[in-house]
Chemist: 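Following this message is one structure expressed as structure tokens.
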Number of protein chains: 2
Amino acid sequence: MGIQERKEREKTQRRDDILNAAQEVFFEKGLQNATMDEIAEKAELSKGTIYLYYRSKEDLYLAVMMRGMELLYTMFAQATGKQRSAVEALRALADVYTQFFHEHRSLFRMLHFSQTPQLHKQVSEEMRTACSIQNMKIWNFVQELIARGIEEGDIRRDLNPIAVAVLLWSATTSIMSRIDYGAEYWKSTMNVDLDTVLRQSLEFLLDALMTPHAREQLRQQPSIS
Amino acid sequence: MGIQERKEREKTQRRDDILNAAQEVFFEKGLQNATMDEIAEKAELSKGTIYLYYRSKEDLYLAVMMRGMELLYTMFAQATGKQRSAVEALRALADVYTQFFHEHRSLFRMLHFSQTPQLHKQVSEEMRTACSIQNMKIWNFVQELIARGIEEGDIRRDLNPIAVAVLLWSATTSIMSRIDYGAEYWKSTMNVDLDTVLRQSLEFLLDALMTPHAREQLRQQPSIS
DNA sequence: TCAATGAATGACTGGCAGTCAGTTGTAACG
DNA sequence: CGTTACAACTGACTGCCAGTCATTCATTGA
């Protein structure tokens, strides 16, 4: 009996249609200025139907955001797969994150904005746990990479892997969102190129994490860049 | 003719009353869930009157936030005034920022939230420039401190003062808002104490900024802590 | 006492998130 | 093929709230 299955397929298709429509609108208007009516119209469904699939505007917003997280995770996994050492993988991670930031700016913005406590208070329990799981996947990934770097003797032994992960992630994300918010503003009023600042900061941080031994090795085998 | 002056005084008093009422409500509910009606009631004024003094809810929000920035700036100026070297002043700055974070949590939250582009788009031109000026004051303050540290030979000469300022500020703020968002969550799911992470990160960053010479000196004259 | 001026008011408007009574389309059954 | 059952879908409607504006009120100066 394939009818059940077909219905199942149609249902997930609907969910996806809604997600695509929502993504378009959220990208263009942001959470605040997007309206459910516009999303419904774009999805060629009535507003009521949207609420059959997502509990609230905020839930829908997070659902779109989570696709972004999945994408980022996939990019991470791919980029680090072919690296030899953990430190090389960490550098690749930084590059990929920067790439994600530039090529999927709207997703990055949603990802960052979704960290607001105010938002999470208005979201269903299920969505929150789903986010939490996705989130954890990425954190574990980074953390384990750093732990491996310590084992391999390239990252300083006196550092706490998770602390390093938090510092790296926080600093990077925060500078990126500063760029996103108004790189031009910084350029014009303070003559600062934030893209350069981001690159320098990453270099500075990664360098400061490494053991003297690893730094020495790096100097003997400079990267292609 | 003191009438003009009295009226002037009364007007600024009103502005302040409204600000105080708004602060209470925003602290309790956040921007989204606060209503102008509630603010009006708390200020013992009608809603219409509020709009004679502030153009929109968002403007009012930023006005409250800016008092927070002023407070922070004052705390900064005080704390660094009595330090001998720039590096000592920088450490004092970090301590004071942490203190501000803990003692004025709601203001910190507003300060951080006010960095959202979405918010700034809904705010009057005047408010935006006022924010910008206040913002710049703090950035210049930090930047100059770092530049002084370089001159004094305690901070590495190969670093760009403004880049360092951005990195320090971004990393710190981002970790703090992570604590604010849910330190308990991190403790329970990943067994991480984010307060410790913050302290370690600051130590790590400040240490990595310093010249070998300055680090050496520090070891000979350890701080009181 | 009486305009004149400006501050304050609150009923009202428009817009939007979320709901729900009702409609439609489809499958299963006799 | 007619009928029932059921799930998917609809869109008019409700409640809420930011922001407005015609009106009221208070003060001042003549």
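Per chain, numbering begins at 1; letters A, B, ... match sequence-line order.
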Chemist: Can you see whether B:S132 engages B:T129 through a side-chain donor-acceptor pair at a distance of less than 3.5 angstrom?
Modeler: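 Absent: no donor and acceptor within the cut-off.
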
Chemist: If you measure only the distance, is there a donor-acceptor pair under 3.5 Å linking the side chains of B:Q23 and B:R67?
Modeler: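 The answer is yes; a qualifying pair exists.
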
Chemist: Between C:dG10 atom C1' and B:M36 atom CE, what is the distance in whole Å?
Modeler: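 One finds 15 Å between C1' of C:dG10 and CE of B:M36, rounded.
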
Chemist: Any non-hydrogen side-chain atom of A:I162 less than 4.5 Å from a side-chain atom of B:N191?
Modeler: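 They are not in side-chain contact.
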
Chemist: Roughly, in whole Å, what's the span from OH in A:Y61 to P in C:dA17?
Modeler: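 Spelled out: OH on A:Y61 to P on C:dA17 is 14 Å.
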
Chemist: Once you round it to whole Å, what is the distance between C1' of D:dA18 and CG of B:N33?
Modeler: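 Taking atom C1' of D:dA18 as the reference, CG of B:N33 is at 14 Å.
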
Chemist: Expressed in angstrom and rounded to an integer, what is the separation of B:E10 atom CD from D:dT27 atom C1'?
Modeler: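 From B:E10 CD to D:dT27 C1': 10 Å.
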
Chemist: Whole angstroms only, please: what is the NZ-P distance between A:K29 and C:dA17?
Modeler: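 One finds 11 Å between P of C:dA17 and NZ of A:K29, rounded.
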
Chemist: Write down the distance between OH (A:Y51) and P (C:dG18), rounded to a whole number of angstrom.
Modeler: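 My rounded result for the distance is 4 Å.
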
Chemist: Please find out if less than 6.0 Å separates the ring center of A:H120 from that of B:Y181.
Modeler: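 Yes, close enough.
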
Chemist: Side-chain contact test, heavy atoms from C-beta onward, threshold under 4.5 Å: evaluate it for A:S174 versus A:R178 and give yes or no.
Modeler: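 The answer is yes; the side chains approach within 4.5 Å.
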
Chemist: Within this structure, what is the CG-to-C1' distance between B:L60 and D:dG19, rounded to whole angstrom?
Modeler: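 Nearest whole value for this atom pair: 13 Å.
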
Chemist: A:A34 near the nucleic acid: base, sugar-phosphate alone, or nothing, with a heavy-atom cut-off under 4.0 Å?
Modeler: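 A:A34: backbone/sugar contact only, no base atoms under 4.0 Å.
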
Chemist: Just N and O in the side chain of B:K57: are any of them under 4.0 Å from OP1 or OP2 of D:dA18?
Modeler: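 Yes, such a contact exists.
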
Chemist: Between B:F100 and B:H104, does the ring centre distance come in under 6.0 Å?
Modeler: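 Yes, the ring centres sit under 6.0 Å apart.
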
Chemist: Grab the CD-P distance between A:E41 and C:dA17 for me, whole Å please.
Modeler: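 Checked: the CD to P distance equals 14 Å.
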
Chemist: With 3.5 Å as the limit, what N/O pairs link the protein to nucleotides 5-8 of chain C?
Modeler:
from, atom 1, to, atom 2, distance (Å)
C:dA8, OP1, B:R14, NH1, 2.5
C:dA8, OP2, B:Y53, OH, 2.9

